[in-house]
Number of protein chains: 2
Amino acid sequence: MAESLSIGDVAAATGLSVHALRFFERERLFLRGIPRSAGGHRVYDAADVEWLLLCNRLRESGMPIATLKRFAALVRSGPGNEPDRLELLREHERGVRARIAELTACLEVIHGKVTVYERHVEDGTAAGLWAPVPSS
Amino acid sequence: MAESLSIGDVAAATGLSVHALRFFERERLFLRGIPRSAGGHRVYDAADVEWLLLCNRLRESGMPIATLKRFAALVRSGPGNEPDRLELLREHERGVRARIAELTACLEVIHGKVTVYERHVEDGTAAGLWAPVPSS
DNA sequence: GTTTGACCTAGAGCGAAGTCTAGATTCTAC
DNA sequence: GTAGAATCTAGACTTCGCTCTAGGTCAAAC
């Protein structure tokens, strides 16, 4: 059940590079120390992959490595700090919602510009475009 | 009408630092060369501020400096390339929409985790939480 | 007229998040 | 049993987007 995976397997399963996986380990982003085979190669299991997939989501949504490290440390240090983990995740959720709102606001502005340019390209209207070289 | 603004005024109006404004100029992100006063100080006008405010939106929505530079170059080079500007803006708009979709997907996962932790903290359920230290 | 603060240029430095290199070792397939 | 692929460690290097420093000059207030 605890199938053992090489670093290459894990890279393939998570989309992270083998370099990144070694980097993550140095940064202590795993929930445990990754054990080594007789020959010194890293031996991962499915739980490591599952954790990395969550890490990917957190990273993609803008969580800095430093925060991920704090979260990993909380989980690693065992039961008792669930309220802290919850607070960290809630704070990140707030951040993501805020970022979506910010992007949505930008999108309105950008789409407005696109619309202006579309009109211009289609029928030569110039309102809202920048002049060749403004001022003197 | 062409009121003149100091670099400090523009920094205050745009939220950019004076360092950033000088950096933008070195990178040729303005629509024109910023003129200097007799004493060598930069003299901006309202159109520069307006442009920077759009730049801010583009940057906040994830446009890299390099792309902004290309856009500025297109605008600077005058009329005739509006279809290129339109394509650049459309491409960016696509990127922003994709990013919002990605964040929204992450949000679902994160909110799921938050929910699991909320249940755990409120009534001691442990499903979906990580064990203290997994495996041997 | 001097002090204080804003501004100048050129260029070095920084934090984030990996990526890449070198040189050695191990594992897999023939 | 050997060729070639994958992995190992340690540490240097890269890119992005500014930020900061040094060593001055300029401008506004008193």
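A note on names: the letters A, B, ... follow the listed sequences, proteins ahead of strands, and every chain is numbered from 1.
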Inset, instruction - Among dA17(C), dC18(D), dC7(C), find the nucleotide with the atom closest to the side chain of I65(A). - result: dA17(C)
Inset, instruction - Considering only NZ, NE, NH1 and NH2 on the basic side and carboxylate oxygens on the acidic side, decide whether E118(B) and R90(A) come within less than 4.0 Å. - result: yes
Inset, instruction - Provide, to the nearest angstrom, the distance between the CZ atom belonging to R28(A) and the C1' atom belonging to dA17(C). - result: 19 Å
Inset, instruction - Return the nearest nucleotide to the side chain of H19(A); candidates are dC18(D), dT7(D), dT19(C). - result: dT19(C)
Inset, instruction - For the side chain of R42(A), starting at C-beta, report the closest nucleotide among dG18(C), dC8(D), dT19(D). - result: dC8(D)
Inset, instruction - Would you mind reading off the distance between Y44(A) atom OH and dA6(D) atom P, rounded to a whole angstrom? - result: 16 Å
Inset, instruction - Look at S6(A) and dA6(D) and indicate whether a side-chain polar atom (N or O) is within less than 4.0 Å of OP1 or OP2. - result: no
Inset, instruction - Nearest-nucleotide wise, let me know which of I7(A) and F24(B) is further upstream toward the 5' end of DNA chain D. - result: I7(A)
Legend entry - Any S37(B) side-chain nitrogen or oxygen under 4.0 Å from OP1 or OP2 of dC26(D): no
Inset, instruction - Report, as yes or no, whether the 6.0 Å neighbourhood of atom CD on E50(A) holds more than 12 heavy atoms from other residues, nucleotides or ligands. - result: no
Inset, instruction - Spell out, as yes or no, whether a donor-acceptor pair under 3.5 Å connects the side chain of D45(A) to the backbone of D48(A). - result: yes
Inset, instruction - Let me know the distance between CD of E25(B) and C1' of dG17(D), rounded to the nearest Å. - result: 17 Å
Inset, instruction - Establish whether I100(B) and I110(A) are linked, either directly or via other cluster members, by ILVMFWY side-chain heavy-atom contacts under 4.5 Å. - result: yes
Legend entry - Per H41(B) side chain, nearest of listed nucleotides dG17(D), dT19(C), dC26(D): dC26(D)
Legend entry - R36(B) atom CZ, neighbour heavy-atom count above 12 within 6.0 Å: yes
Inset, instruction - Kindly point out which of dC8(C), dT19(C), dC7(C) is positioned nearest to the side chain of R36(B)? - result: dC8(C)
Inset, instruction - Find the distance F23(B):CZ to dC14(C):P and express it as a whole number of Å. - result: 17 Å
Legend entry - Toward the 5' end of DNA chain C, by each residue's nearest nucleotide, L16(A) or A38(A): L16(A)
Inset, instruction - Report the distance from atom CG of L29(A) to atom P of dA17(C), rounded to the nearest whole Å. - result: 10 Å
Inset, instruction - Please report, rounded to the nearest Å, how far the P atom of dA6(C) is from the CG atom of L21(B). - result: 15 Å
Legend entry - N or O in side chain of R22(B) less than 4.0 angstrom from dG11(C) OP1/OP2: no
Legend entry - Nearest-neighbour nucleotide for the R26(A) side chain, dT19(C), dT7(D), dC18(D) considered: dT19(C)
Inset, instruction - Find the distance E27(B):CD to dG17(D):C1' and express it as a whole number of Å. - result: 9 Å
